[in-house]
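To keep things clear, I will list the structure first and then write my remarks on it.
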Amino acid sequence: AKKAGRGRILAFHHGLEDEINERRFIEQELRLALAEDGLTVAYQPIVAGDGLRMVGAEALVRWKHVVRGNIPPGVFVPVAEQAGLMIELGEFVLRRALADARDWPELFIAINLSPIQVRDRGLVRTVASALADPGIDPSRVVLEITEGVLIDNPEDAKQRLKELRALGVKIALDDFGSGYSSLSYLRRLPIDKLKIDKEFVAPLGRSANGGVILQAIVALGRALGLSVLAEGVETEEQRLLLRLAGCDEMQGYLFARPMPAAAFREMMGRGLVL
Ligand code: C2E
Ligand code: CA
Ligand code: CA
Ligand code: CA
């Protein structure tokens, strides 16, 4: 038993070491990718509540590593946040997405902001400059934040969001319902839009009461005067139920996957109806 116990401890140490090495590797390679233009931005269509017509697109950062292939943002964004690279990564996405969005003036463009960016005093100036360079109408821009912005200094975050809104951009609360005490955050944050996490969309159509929470969230958003978007829509049944629930917008693999700018431009060329 003792032997097995030691083995487990050793295995644990090895696992930890691997993890640390992996983080170090990602961090080093990410520094290079940022310096050498190795990141790209993909776009996923957002459709109107009827699920038929495109109204916007979400910008999602992509990284294709020469050896490793595609490394998902769920892996490297947290590393960027911890390694002090998030401001730079975030500015790259802002500038690229707003420059690309010039090619599809009929759509709004949604861009994710890390809580680290929201904490940054330079953010408002960066956004203003990224808007001005390609001459993007700020009312076409939605900045997606998460409740994580409230962790350190909620008053500071609120102030920053107010300044962003004063530029004319809109603010969406992303992943709504997936975290903690989301209801109190709703009252406290100056936001325009709710993005309902896919966790609440997935059960739709699977069980009889799978839609109860979702319907309640949509009703809540509407009562607060917010626009409501459901993400992770994968089936026709989910689309129908979300439409019945009164969702304003939808996004998910049912309509289209995120795609490179060139493919998105091509799709736009065929019109707004998917
Ligand atoms: P998110 O902001 O919630 O983005 C939605 C994620 O769901 C994207 O994953 C998208 O590809 C995926 N998705 C879209 N439709 C469906 C569907 O029907 N089913 C399922 N299962 N998934 C769907 P992705 O691109 O891997 O991004 C993951 C997360 O990484 C994002 O979640 C966001 O938190 C973060 N992220 C991505 N790009 C950026 C960025 O430019 N800046 C920041 N700060 N975070 C980013
Ligand atoms: Ca998002
Ligand atoms: Ca989300
Ligand atoms: Ca998410």
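Counting starts at 1 for both ligands and their atoms, in listed order.
Heavy atoms of D174 found under 4.0 angstrom from ligand 1 belong exclusively to the side chain.
Of all atoms in ligand 1, listed by their number and element, those nearer than 4.0 Å to a heavy atom of E58 are 2 (O), 4 (O). Listed by number with element, the atoms of ligand 1 under 4.0 angstrom from any heavy atom of D175 are 3 (O). Less than 4.0 angstrom separates some heavy atom of E234 from each of these atoms of ligand 1: 17 (C), 18 (O), 19 (N), 20 (C), 21 (N).
Around atom 5 (C) of ligand 1, the closest heavy atom drawn from E81, Q44, K198, Q238 belongs to K198. Considering only non-hydrogen atoms, atom 17 (C) of ligand 1 lies nearest to Y253 out of F76, F92, F255, Y253.
Using a 4.0 angstrom heavy-atom cutoff, P72 does not count as in contact with ligand 1. Under a 4.0 angstrom heavy-atom cut-off, M86 registers as being in contact with ligand 1. In this structure, E231 is part of the shell of residues with a heavy atom less than 4.0 angstrom from ligand 1. Taking a 4.0 Å cut-off on heavy atoms, R62 registers as neighbouring ligand 1.
Counting only distances under 3.0 Å, and ignoring water, the protein N, O or S atoms around the Ca ion (ligand 2) are E58 OE2, N112 OD1, E144 OE1, D174 OD2.
The backbone N or O of A256 sits less than 3.5 Å from a side-chain atom of Q44, completing a donor-acceptor pair. Of the possible polar contacts, none joining the Q159 side chain to the E155 backbone as a donor-acceptor pair under 3.5 Å is found. Without hydrogens or angle criteria, R160 side chain to Q117 main chain gives no donor-acceptor distance under 3.5 Å. Side chain of Q238 to main chain of V201: a donor-acceptor pair is present (N/O by atom type, distance under 3.5 Å, no hydrogens or angles).
In terms of heavy atoms, A97 sits closest to I111 at CB-CD1, 3.7 Å.
How far CG of N112 is from NZ of K195: 6.5 Å, rounded to the nearest 0.5 Å.
The cationic atom of K198 (NZ for Lys, CZ for Arg) does not lie both less than 6.0 Å from the six-membered ring centre of Y253 and within 45° of the ring axis.
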### Task
Step by step, work out the side-chain contact (heavy atoms from CB on, under 4.5 Å) result for V141 and K170.
CA-CA 6 Å; V141 177; K170 295 185 182 73; over 6 Å; no
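The pair D248-K193 does not count as a salt bridge, with every side-chain nitrogen at least 4.0 angstrom from each carboxylate oxygen.
The one candidate from L164, D192, I109, V142 that meets the side chain to side chain contact (heavy atoms under 4.5 Å, CB included) condition with V169 is L164.
Within the 6.0 Å centre-distance limit, the rings of F25 and H65 are counted as a close aromatic pair.
Remark: ligand 1 and P258 share no N or O pair separated by less than 3.5 Å (distance only, no angle test).
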